[in-house]
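Note sheet for the following structure.
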Number of protein chains: 2
Amino acid sequence: MEQKLRMTHQREIILAELKKNTSHPTADELYEKVKKKLPRISLATVYRNLEILSAAGMIRKLEISGRQKRFDWELTEHNHIYCVQCHRVDNIELEKKNLQPVQSTQRKGYEISGCRIEFYGLCPKCKNIEKKQGVKKMACNPTVLSDKQREVLEALANSTEPCGSKDIAGATSLEPKQISCQVTALKKKGYVASPVRCKYEITPEGKDALN
Amino acid sequence: MEQKLRMTHQREIILAELKKNTSHPTADELYEKVKKKLPRISLATVYRNLEILSAAGMIRKLEISGRQKRFDWELTEHNHIYCVQCHRVDNIELEKKNLQPVQSTQRKGYEISGCRIEFYGLCPKCKNIEKKQGVKKMACNPTVLSDKQREVLEALANSTEPCGSKDIAGATSLEPKQISCQVTALKKKGYVASPVRCKYEITPEGKDALN
DNA sequence: TTGTACATGGTAATCATTATCAGGTCAATA
DNA sequence: TATTGACCTGATAATGATTACCATGTACAA
Ligand SMILES: [Mn+2]
Ligand SMILES: [Mn+2]
Ligand SMILES: [Zn+2]
Ligand SMILES: [Zn+2]
């Protein structure tokens with residue numbers, strides 16, 4: 001019944017790459033790094049081995065709320081804090097974790113095997129971005145324009161009347177299916193307005209943002 | 001810029017259905033129930049409204065590790081426990097939750113906005129089904145360098161171009177027939193690469209390993 | 001040498017969730 | 001009253017992360 005796992009070259013490289021820093025990388029971040037050493041490695045292999053290594057207790061898998069899983073080579077007990085904006089994850093030490101053992105009446109019949117304590121908030125970087133423009137808490141997008149957003153905004157700036165997504169597609173190098181996503185983001189930032197449903201125009205703020 | 005949310009029929013039914021029990025349903029579990037009242041409702045509408053209701057603070061969205069998001073109509077502060085096997089989620093009360101406020105030196109510059117405490121284990125049902133499975137163990141060859149390997153590696157480190165076994169033999173005290181054996185072991189560890197057949201060079205990992 | 005269990009790269013499929021779209025609803029306004 | 005425009009809807013396509021599958025490869029014990 002006992003299975004022997006082999007420490008293959010791929011596995012070693014993945015492990016070594018993970019141990020290089022404390023950034024709690026995702027599988028695909030790790031894949032990008034490992035590819036420099038092993039250009040022919042498959043993303044599936046990275047996922048597979050991260051799973052195997054964590055099942056074998058050699059690394060930790062962090063199932064932090066939200067997006068991708070992240071991986072941690074530090075096996076000592078510690079907690080994490082993540083940024084709700086950029087999803088960065090850092091270690092955090094509790095002064096003293098005196099969580100009372102859960103009373104059996106409160107256990108609901110569960111056999112408790114662990115507890116995860118997870119803080120969230122804004123990392124230093126994102127905290128500054130927020131201060132700069134005083135955005136509401138919900139806003140999850142940085143104010144910086146992406147290249148795509150800038151392209152869309154410039155197209156709108158060059159038009160004298162409200163544009164539909166097809167108009168924008170024609171005036172930019174973007175795939176039609178990317179347009180609406182970009183427009184939505186721009187609307188959220190207040191750089192684009194929709195005078196009519198499915199028609200968009202640049203706002204004064206949007207013009208400012210182009211400079 | 002203030003949004004007016006309408007309490008549509010769909011929204012009311014979804015909310016009512018959620019409040020019917022304390023099972024922390026997923027979006028699609030809720031969809032199946034709501035469909036009995038509103039057979040033409042779309043799954044997208046359920047997702048959309050759960051998102052809107054939780055953004056408006058009328059319900060809670062639980063981003064518990066693992067699979068789907070779950071929803072909770074109870075707004076009072078409480079924690080959760082989930083089953084790692086069947087992903088059932090129950091409420092759990094902590095006797096006393098005096099987590100020390102995190103020291104500023106430990107905050108890593110974050111602006112902390114909250115903390116999630118989450119227990120996990122096996123629910124009563126799954127506890128009974130549980131079966132022991134052997135843990136896999138990694139056949140972990142030590143990455144430690146033997147004296148011979150170190151000698152070969154140092155020879156390669158001192159060369160500016162890939163070496164053949166004769167070059168290595170000349171630069172070390174080793175018998176020629178031992179060389180290839182050592183080189184193979186080093187290759188396995190990833191400390192040596194073979195850019196051309198029968199020529200070997202040290203890798204970045206190899207250089208690291210020498211320190 | 002051979003059997004076999006473990007691994008791999010490449011790719012398709014899955015799953016949960018979001019985005020898009022064209023068309024509705026409704027209250028405020030001209 | 002007719003129009004407007006923000007808000008909503010169902011249907012469906014698309015997305016992103018992860019996993020499943022498959023044919024091939026490799027290590028190791030017998
Ligand atoms: Mn960590
Ligand atoms: Mn609850
Ligand atoms: Zn951040
Ligand atoms: Zn269970």
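Chain A is the first sequence line, chain B the second, and so forth, proteins listed ahead of strands; every chain is numbered from 1.
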Rounded distance in Å - [atom1] ([X]) to [atom2] ([N]):
X        : N       : atom1 : atom2 : value
Leu38(B) : dA11(D) : CG    : P     : 12 Å
Glu12(A) : dA7(C)  : CD    : C1'   : 14 Å
Leu5(B)  : dA6(D)  : CG    : C1'   : 11 Å

Side-chain N or O of [X] closer than 4.0 Å to phosphate OP1/OP2 of [N]:
X        : N      : value
Thr8(A)  : dC6(C) : no
Arg6(B)  : dA6(D) : no
Arg40(B) : dT9(D) : no

*Mind listing the residues from residues 17-25 of chain B sitting with a heavy atom below 4.0 Å of DNA chain D? Number order is fine.*
none
*Decide, yes or no, whether a salt bridge links Glu51(A) with Arg48(A) under the criterion of side-chain N to carboxylate O below 4.0 Å.*
no
*asked:* Assess whether a salt bridge exists between Glu29(B) and Arg70(B), defined as any Lys/Arg side-chain N lying under 4.0 Å from an Asp/Glu carboxylate O.
replied: yes
*NA contact type, Arg48(A), heavy-atom cut-off 4.0 Å: base, sugar-phosphate, or nothing?*
base
*Is any side-chain heavy atom of Ile13(A) less than 4.5 Å from a side-chain heavy atom of Ile41(A)?*
no
_Restricting to non-hydrogen atoms, name the atom on Cys115(A) and the atom on Ile117(B) that form the minimum distance, rounded to 0.1 Å._
SG-CG2, 3.9 Å
Kindly give the atom pairs (protein nitrogen or oxygen, nucleotide nitrogen or oxygen) under 3.5 Å for nucleotides 17-19 of chain D.
{"residue": "dA17(D)", "atom": "OP1", "partner": "Gln68(A)", "partner atom": "OE1", "Å": "3.3"}
{"residue": "dT18(D)", "atom": "OP1", "partner": "Lys69(A)", "partner atom": "N", "Å": "2.8"}
{"residue": "dT18(D)", "atom": "OP2", "partner": "Tyr47(A)", "partner atom": "OH", "Å": "2.5"}

For residues 16-24 of chain B, tabulate all N or O donor-acceptor pairs below 3.5 Å that involve a side-chain atom, not counting sequence neighbours.
{"residue": "Glu17(B)", "atom": "OE1", "partner": "Lys37(B)", "partner atom": "NZ", "Å": "3.3"}
{"residue": "Asn21(B)", "atom": "OD1", "partner": "Ser23(B)", "partner atom": "N", "Å": "3.4"}
{"residue": "Asn21(B)", "atom": "OD1", "partner": "Ser23(B)", "partner atom": "OG", "Å": "2.9"}
{"residue": "His24(B)", "atom": "ND1", "partner": "Thr22(B)", "partner atom": "O", "Å": "3.3"}
{"residue": "His24(B)", "atom": "ND1", "partner": "Val89(B)", "partner atom": "O", "Å": "3.1"}
{"residue": "His24(B)", "atom": "NE2", "partner": "Asp72(B)", "partner atom": "OD2", "Å": "3.1"}
{"residue": "His24(B)", "atom": "NE2", "partner": "His80(B)", "partner atom": "NE2", "Å": "3.2"}
{"residue": "His24(B)", "atom": "NE2", "partner": "Asn91(B)", "partner atom": "OD1", "Å": "2.9"}

